[in-house]
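Heads up: the structure comes next, in structure tokens.
Counting starts at 1 for both ligands and their atoms, in listed order. Being a predicted model, the structure only gives us computed values, none of them experimental.
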Amino acid sequence: MLIRIRRAWDQLREGEATPESVFLDRRRLMKLAMAGTALAVAGCDDAVSGDVSAAPGAASGATAAPDPSAHLYPAKRNEAFTLDRAVTDEQWASTYNNFYEFGTHKQIWAHADKLQVRPWEVVIDGMVAKPLRLAVDDLLSRVSLEERLYRHRCVEAWSMAVPWTGFPLRDLLAMAEPQAGARYVRFETFNNPDVASGQRQPFYPWPYVEGLTMEEAANDLAFMVTGVYGKPAAPQFGAPLRLALPWKYGFKSIKSIVRITLTDSRPVNFWQDLSPDEYGFWANVNPQVPHPRWSQAYERVLGTDDRRPTLLFNGYGEQVAGLYKGLENEALYM
Ligand SMILES: Nc1nc2c(c(=O)[nH]1)N[C@H]1C(S)=C(S)[C@@H](COP(=O)(O)O)O[C@H]1N2
Ligand SMILES: [Mo]
């Protein structure tokens, strides 16, 4: 085909790699069925579907109060973080999103617009000397924002390149003074089924959870995102606070965080809980380790016809390979 319209790209993608959802739902159902749970599930996935293919912006902002952090943008770009490809068109990145709280498909941006991102508090607790409960704007006044160009590789084999704005994760953890025994950081997303219709689907282990080791969280690349494309992040990007971990598959970059807990036990993340044979704790990008249902050798670049070879650690090996010395027996790449 010589001429492609936008929707065609979508269909191509869905055909090439089964989205994270389909198989998992069946698995999860079997698990629940075996546990004797009765479920009415027919049509569940369609609960949040609908035509939201119009441009974003039309539906957003009309009634919402102006973002109180808008004056912090655009932040100065940190030139240490460069790309080997063009930045993804904003229109694409903001209308093709993965955010299961608002649906299992990619056109969730208008649904996510219902998420109220102010007031918003984040709690830092667990193995810390100074547990914190911070309003997001107080937090923003205590950090220094910068822009970084990062690649993003979804486990489903699509990729993008995005100008995130935010600050190093380790700066946030330092505010709470981690105790010596803390080994992992556990992150949790909001849980509000009234707003997020995906969270009314009981076979998912809500709320969305992710985890990192303390060493990973302290790495230069581990970035707490508050904005994108030179302005505060829109809800579909995971406002007001999400992670960006460019060397790991996209599902590790948890959105709309409300709680960060330091712990000595390894967190079980959302996707691992759903399907432990397919998704693990580490989830580092590796083109040589296929997903059980598809190859990870190549990626489709969002909004283009490009198909590129995927790189080990998504091209960030120089910065992160050292984190995994001595862990060769772990499932580092799923
Ligand atoms: N809370 C939450 N965070 C999430 C997800 C999600 O469904 N819920 N999806 C993840 C996946 S699989 C990907 S690829 C990225 C997508 O980020 P984007 O929509 O900004 O491209 O968000 C990640 N963070
Ligand atoms: Mo993903």
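Heavy-atom proximity to T189, at under 4.0 Å, picks out these atoms of ligand 1: 1 (N). Residue contact check: I254 has heavy atoms under 4.0 Å from atoms 3 (N), 24 (N) of ligand 1. Using a 4.0 Å cut-off to heavy atoms of F237, the atoms of ligand 1 that qualify are 20 (O). For ligand 1, the atoms lying closer than 4.0 Å to a non-hydrogen atom of C154 are 14 (S). Within the listing of ligand 1, atoms 14 (S), 21 (O) sit less than 4.0 angstrom from a heavy atom of W158. Taking every heavy atom of F251 and a limit of under 4.0 angstrom, the matching atoms of ligand 1 come to 10 (C), 11 (C), 12 (S). Atom numbering of ligand 1 starts at 1 in the shown order; those under 4.0 Å from a heavy atom of R242 are 17 (O), 18 (P), 20 (O), 22 (O).
Using a 4.0 Å cut-off between heavy atoms, E156 makes no contact with ligand 1 at all. When heavy-atom distances to ligand 1 are checked against a 4.0 Å cut-off, K252 has no atom that comes that close, whether in backbone or side chain. Contacts between F187 and ligand 1 below 4.0 angstrom, taking non-hydrogen atoms only, are absent altogether.
A heavy-atom distance below 4.5 Å is not found between the side chains of I108 and Y100.
Within the model, atoms CG of L241 and CG of L139 stand 6.0 Å from one another, a figure rounded to the nearest 0.5 Å.
A salt bridge links K106 and E156; the closest N-O separation between the charged side-chain nitrogens and carboxylate oxygens is under 4.0 Å.
Cation-pi geometry between R266 and F281 is met: under 6.0 angstrom from the ring centre, within 45 degrees of the axis. Cation-pi geometry between R142 and F167 is not met: the NZ or CZ atom fails to fall both under 6.0 Å from the ring centre and inside 45° of the normal.
Listed for the T88 side chain is a donor-acceptor partner under 3.5 Å among the backbone atoms of A161. Formation of a donor-acceptor pair under 3.5 Å by the N97 side chain with backbone atoms of A93 is found in this model.
Taking the six-membered ring for Trp and thresholds of 30 and 60 degrees, W206 and Y204 have ring planes inclined between 30 and 60 degrees apart. Using cut-offs of 30° and 60° for the angle between ring planes, the F81 and Y150 rings count as perpendicular.
Not a single heavy atom of G238 sits closer than 4.0 Å to an atom of ligand 1. Using a 4.0 Å heavy-atom cutoff, M160 is listed among the residues neighbouring ligand 1.
Taking each of F99, Y204, Y208 in turn, the one with a heavy atom nearest to atom 10 (C) of ligand 1 proves to be Y208.
Residue W164 places no N or O, backbone or side chain, under 3.5 Å from any N or O of ligand 1. Considering backbone and side-chain N/O of W271, none are found under 3.5 Å from N/O of ligand 1. Residue Y100 has at least one nitrogen or oxygen atom sitting less than 3.5 Å from a nitrogen or oxygen atom of ligand 1, judged on distance alone. Polar contact with ligand 1: present for N98 (N/O pair, distance under 3.5 Å). Looking at N97 next to ligand 1, an N or O pair under 3.5 Å apart turns up.
Residue R85 qualifies as enclosed at atom CZ: its count of foreign heavy atoms under 6.0 Å is above 12.
Ring centroid separation for the pair W158 and Y96 comes in under the 6.0 Å cut-off.
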